[in-house]
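Chain naming here is simple, since letters A, B, ... match the order of the sequence lines and numbering starts at 1 in each.
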Protein chains: 2
Amino acid sequence: MVSVLGAAPTSAEILQASASDEWRSLSPENALYLELPHGRVIIELAPQFAPKHVENIKRLISLRFFDDLPILRVQENYVVQWGPSEEQKATKHDPTKLPAEFTRPWTKAGWTPLRDADAYAAEVGFFEGFPVARSPKEKQMWLTHCYGMVGAGRDNAPDSSNGTELYAVIGHAPRHLDRNITLVGRVVWGMELLSSQPRGHGAMGFYEKNETGQRFNTVRLASEVPEADRTPLQLLKTDSKSFQKYVESRRNRREPWFVRPMGGVDVCNVPLPARVQPTK
Amino acid sequence: MVSVLGAAPTSAEILQASASDEWRSLSPENALYLELPHGRVIIELAPQFAPKHVENIKRLISLRFFDDLPILRVQENYVVQWGPSEEQKATKHDPTKLPAEFTRPWTKAGWTPLRDADAYAAEVGFFEGFPVARSPKEKQMWLTHCYGMVGAGRDNAPDSSNGTELYAVIGHAPRHLDRNITLVGRVVWGMELLSSQPRGHGAMGFYEKNETGQRFNTVRLASEVPEADRTPLQLLKTDSKSFQKYVESRRNRREPWFVRPMGGVDVCNVPLPARVQPTK
């Protein structure tokens, strides 16, 4: 067991040394604020991957569709899902029909490849702040089901989702869902409020009649919220130099605790750095 | 998007059709019952990987060391950790010094390889019911930090753990910990009781002074518990034919919901089948 620790910087040191223009402010037009009794969950929407779903979700928000919706399902090591309760379905119903948005054409600009092996895709990496996989053969790319990714629940028909029921991944990345369901974004803040919800005891983690799922007070776009009430989040740009250094620091951990850097990293084991905008 | 669904069986069908001698009963000598207020968590110890740590944990159980210990730390997307509180350390202290048990010599018998790519190790697979990685060059194998794996917390010195503080993985597999810390077993039952604990607000998810971690009423070996009070758990043998078929059914999902089988699977995305012994 030989330690190969060197003078390379740690993740913390890299983030500390990053330039302010390597961070982007979360766009208020693509930031969803889900207000739970104990705090705020923030989702960054991904219109570049699921334009029609995101458009419909924004329309539903403008109709206040998601207000008062309960968490319906918490399946251990899998997903938290929310949507209209049986009773709410009478008034909260959206007949909008959307196509499946499982993949999109790839582009070279903005792509930060990860050179490490992946069990599920020919290529993995990051694109505009999201973990992504690609197929050079099909020239397509798609969001990967990492921890915290948010998708649109569907029935057996691939085009049966429209964003009225959403889920967030709360366990080991269920990558077998990739290209099988439409991902619409990623939780960038407050993930612990979803992941610590009590598990449901019904099939697939759905709550039984005697179990009460926590409800969202309101769901708003950040742009609808007075500026003083917004969370000034910044995310490290995934095409920045500091992000590349950060990935390397995850591949080979340099903190004194580690005795053996691994020399590899999984696309879902790179927590994407977020911070509250520093005050000057 | 072409569906290649065929007549291959689903995971559920494979488990249904498995032979009774493909399941093993969890050994009462290696099953830890952690009794939380809301239920029982069961850990299978792995003496074949960490003999000295497991021996010491069993000795500590016989001294009732773990009874009344609180959960000290719940770090989002990482670990739940328990051990003596600051107050308990006066009476609950174990000076036992153990070597690091990060790896062990490999053996060919009992090895079920996974052919899929892995970002962290040259080879991955399963050995006697555990997810494992191997190095053909070093002829060593080691447990992998998948969801639910249990390890012995340590300080910066590699040989500073003795099993008095244990942690369980509650997020995406932190495989960068592999070969950096001693794993001692795996949660095989009741994992949701750990993963849904409220997250701590201190550094690294430690509870702050004003936060109360849930306590274990008792921690016992199953062999110490009257037979009527035991959970008759069975685990699918990882060197059985049905397990191999099951892995294939995870690699290429056959349920009607799926439109695109992935053709690959991550060693940490194969939930190891457990069941309560069927009554005849």
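When heavy atoms are compared at a cutoff of 4.5 Å, A:Glu192 approaches chain B by way of both its backbone and its side chain. Looking at A:Asp178, the atoms closer than 4.5 Å to chain B (heavy atoms on both sides) sit in the backbone and in the side chain alike. Both the backbone and the side chain of A:Arg154 come within contact range of chain B, each with at least one heavy atom under 4.5 Å from a heavy atom of that chain. Contact of A:Pro271 with chain B is not made at all, since no heavy-atom distance falls under 4.5 Å. Only the side chain of A:Tyr147 comes within contact range of chain B, with heavy atoms under 4.5 Å apart. Of the two parts of B:Asp118, only the backbone, made up of N, CA, C and O, holds a non-hydrogen atom closer than 4.5 Å to a non-hydrogen atom of chain A. Only the side chain of A:Glu138 comes within less than 4.5 Å of a heavy atom of chain B; its backbone N, CA, C and O stay farther away.
A:His176 and A:Tyr78 have parallel rings, their planes meeting at less than 30° on a 0 to 90° scale where 60° marks the start of perpendicular. Taking the six-membered ring for Trp and thresholds of 30 and 60 degrees, B:His145 and B:Tyr167 have nearly parallel ring planes, at less than 30 degrees apart.
Side-chain contact, A:Ser249 with A:Arg254: no donor N or O sits under 3.5 Å from an acceptor N or O. Side-chain polar atoms of A:Asn269 and B:Arg175 form no donor-acceptor pair below 3.5 angstrom.
Heavy-atom pairs under 4.5 Å with chain B were tallied for A:Asn156, A:Asp116, A:Ile181, A:Asn77; the largest tally goes to A:Asn77.
Figure legend: B:Arg40 and B:Tyr33 shown as a cation-pi pair, the cationic atom lying under 6.0 angstrom from the six-membered ring centre and within 45 degrees of its axis. Under a cutoff of 6.0 Å and an axis angle of 45°, B:Arg104 and B:Trp142 do not form a cation-pi pair.
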